2 protein chains.
Amino acid sequence: MSITIKYIAELAGTSIATVSRVISNDSRISERTRSKIIKIIVQHGYQPNLFAKGLASKLSYNIGVLLPNPAKNVNIHSLKAVRGIISQAKHHGYNVLLLTGNSEQDVLQSIESRYKGRSMDGLILFYTSDRDDVISYLNLSGIPFVLIGRNMKHADIHAVDYDQFQAAWDATHFLVQLNHQNIAILHGPEHVTIQSDRMKGYQLALQSSRIEPNPDWCIVVEKDEEDIIVWTWINSPERPTAIIVQDDDTALKVVRALAKLKLKVPDDVSIVSFSQDTMGELVSPSLTAVHTDSYSHGYEAASMLLQLLKGTRIESNRKILPHGIKVRESTRRID
Amino acid sequence: MSITIKYIAELAGTSIATVSRVISNDSRISERTRSKIIKIIVQHGYQPNLFAKGLASKLSYNIGVLLPNPAKNVNIHSLKAVRGIISQAKHHGYNVLLLTGNSEQDVLQSIESRYKGRSMDGLILFYTSDRDDVISYLNLSGIPFVLIGRNMKHADIHAVDYDQFQAAWDATHFLVQLNHQNIAILHGPEHVTIQSDRMKGYQLALQSSRIEPNPDWCIVVEKDEEDIIVWTWINSPERPTAIIVQDDDTALKVVRALAKLKLKVPDDVSIVSFSQDTMGELVSPSLTAVHTDSYSHGYEAASMLLQLLKGTRIESNRKILPHGIKVRESTRRID
DNA sequence: CTGTTAGCGCTTTCAA
DNA sequence: TTGAAAGCGCTAACAG
């Protein structure tokens, strides 16, 4: 049998209520009793039974984390963020419960059963475009939740992200500083919101340098279309000398596509990517990239959710985290 | 107030005990009552309160997953495996609780409090060399656990892995088939067990082809030493024409180091890596690699743990999963 | 400041 | 095949 609050109370010669109060840091307990009880607790390695606690308090002290959808969107970013979440959660006495699902049905049903079953008090999820309906569901259901990323359709939900507009602005500006005039931008079919934010940043940065954005160079890449896109460009009279790419994976594909056409990075074309990973550092050429600290995304998301759970007043629904630009080998100055 | 077993019982005109039995699939319930109750449960979307369940049954229906240590060893492999774990766990009505810790202290204390606090019934962990003491602790504590990977110091624990010996044998054999005679092997300071298994596979494969292993070419790489190693080699009269590298990250570093010496992959040197990731596919040159399905590692580990928890007799402590070799651009035949 | 006590929602004997 | 009732270990009024 494991050690219970009752046993501790007996040892301390108090009632279980007193022990309970000590555990929950109730202020109206004499220093004397408190220290006595704490000593006994430590001595015996007592750990409160979270189920009893949860049952009585109607709180699970679990927060759920919904992983991005299968394979494709599972990346190091999410893992690091999860670490941040765990760390923050632990700090506040919360555990982290992991959820996934192969279909939306599956996901919704997972969330519902965990929430109704009182297994989790709130949820953190990562943005991918197919989460739209999940978010609608969450909004309706009243489950407290925080999004890592941003969603245009649901602009007012609690979210943690970095400033995608500014990030794209910075990337563009950086290239302009290197004398690039012909700058293209490639982004994926997903991430509608991020896409449009980045697009605006890109366009405004160009305009502020008196460069007119070329609409042919703002391209949405369908899966595995990099070859075609690059092929089209190479035939255009004035081809881009620099490309801003949505993510590391796509950036690598673009490098490969360029290589097939005997174009070298950064000699012929410079590339800036949006990184979620340290991978960009290892490849050749290593990738100049806009990066942000995934761990702190998770940390801050958890922090926000915990505030929500505790009913603390939250200043703002959105928390913007800093980003930076890591200059590596894939970019060069042109004359 | 959420729906409880009591409410369902009232609606069904039975006692809560009966409802409970239906839920837990007790055999001695008339088909009539069973179907009636099930209907009501479904109709009302009733979800049992897991805390009450846990409290009464002394089972949490949670399995813990201890993530690999910070940053360095966090990779896509673990994330995919975690998905496999979740999937299997869900299948059996279990949830997945995530654990980490920044220090061993931290980890041990997390495990203990979760286990004692009845938050988890068992644990799955990933192998990294600094987990040795954690494993010793787990062995002592009696917590049911399964290792993903393998540990030499604790050979008899429950574990899921692929055959590292055979994998290295295959990699070596593959290179020999491509006429390589001078084959080196690079592995990290970590993963003692894996290392020695792979080493044996490498050596025996060479010997079976009547090639005498050159001890200078079996090298343990300290962190960020790739440059030096490659530098040493290049000065040796007969340099390796092929290198087997422990993981994708190191492989990329080796490619970079070689490039500094004007050696191209695969023209001058072929490389085979042990992959944990799809990254090897995207880089240039893409990496020929031994790969295994991370998802199923997680799935099988969870399956084993669940058997342990249910007290099912387990045939073997170790489960060996298949691996394969993906031939890509980093290897070529020599004449 | 501390003790008493009534639950929280479920499982599990023990009886019927 | 079903029901009654005693907990599981803790929280949170309420009372002192």
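Throughout, a chain's letter reflects where its sequence line sits, starting with A, and its residues are numbered from 1. On a predicted model such as this, the values are computed, not experimentally measured, just so you know.
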| remark: Residues passing the ring-ring contact (aromatic ring centres under 6.0 Å, His included) test with B:Y46, sequence neighbours excluded, are none
| field | Residue list, side chain to side chain donor-acceptor pair (under 3.5 Å) with B:N49, at least two apart or on another chain | value | none
| query | When you check the phosphate oxygens OP1 and OP2 of C:dG9, does a side-chain N or O of A:K58 lie under 4.0 Å from one of them? | reply | yes
| Once you build an axis from the first five pairs and another from the last five of the helix from C:dC1-D:dG16 to C:dA16-D:dT1, how far apart in angle are they, to 10 degrees? | 30°
| task | Send over the distance from A:Y61 OH to D:dT11 P, rounded to a whole Å. | result | 8 Å
| said: Just the rounded figure in Å: distance from C1' of D:dT2 to CD1 of B:I5. | reply: 14 Å
| task | Output all residues satisfying ring-ring contact (aromatic ring centres under 6.0 Å, His included) with A:Y61, sequence neighbours left out; order by chain, then residue number. | result | A:Y94
| request: Take the protein atom CZ of A:R21 and the nucleotide atom P of C:dG3, then report the distance between them rounded to whole Å. | output: 8 Å
| How would you list, by chain and number, every residue that makes a salt bridge (Lys or Arg N to Asp or Glu O under 4.0 Å) with B:R318, sequence neighbours excluded? | none
| remark: Closest of D:dG9, C:dG9, D:dT11 to the A:S57 side chain is D:dT11
| request: Check every atom of C:dC10, D:dT11, D:dG9 against the side chain of A:K53 and return the nucleotide holding the closest atom. | output: D:dT11
| request: Could you check how far CG of B:L59 sits from P of C:dC10, rounded to whole Å? | output: 16 Å
| Distance only, no hydrogens: is a donor on one side chain within 3.5 Å (strictly under) of an acceptor on the other, for B:S60 and B:D121? | yes
| task | Could you note down all residue pairs passing salt bridge (Lys or Arg N to Asp or Glu O under 4.0 Å) where residues 292-305 of chain A supplies at least one of them, sequence neighbours left out? | result | A:E300-A:K319
| Can you list the residues that meet the side chain to side chain donor-acceptor pair (under 3.5 Å) rule with A:Q109, with sequence neighbours excluded? | none
| note | Separation of D:dG9 atom P from B:L55 atom CG, nearest Å, is 7 Å
| A:F145: partners by ring-ring contact (aromatic ring centres under 6.0 Å, His included), with sequence neighbours left out | none
| request: Please state how far atom CZ in A:R118 lies from atom C1' in D:dC10, giving the value in whole angstrom units. | output: 16 Å
| said: Please list, in numerical order, the residues of residues 12-19 of chain A that have a heavy atom closer than 4.0 Å to any atom of DNA chain D. | reply: A:I16, A:A17
| query | Quick one: is C:dT11 close enough that its OP1 or OP2 comes under 4.0 Å of any side-chain N or O from B:S20? | reply | yes
| said: Can you pull out every salt bridge (Lys or Arg N to Asp or Glu O under 4.0 Å) where at least one residue sits in residues 2-23 of chain B? Sequence neighbours excluded, please. | reply: none
| message | Could you tell me if B:S2 and A:K116 have a donor-acceptor pair between their side chains, going purely by distance under 3.5 Å? | response | no
| said: Please enumerate all residues that pass salt bridge (Lys or Arg N to Asp or Glu O under 4.0 Å) together with A:R32, with sequence neighbours excluded. | reply: none
| query | Do any of residues 22-51 of chain B sit with a heavy atom less than 4.0 Å from DNA chain C, and if so which? | reply | B:Y46, B:P48, B:N49
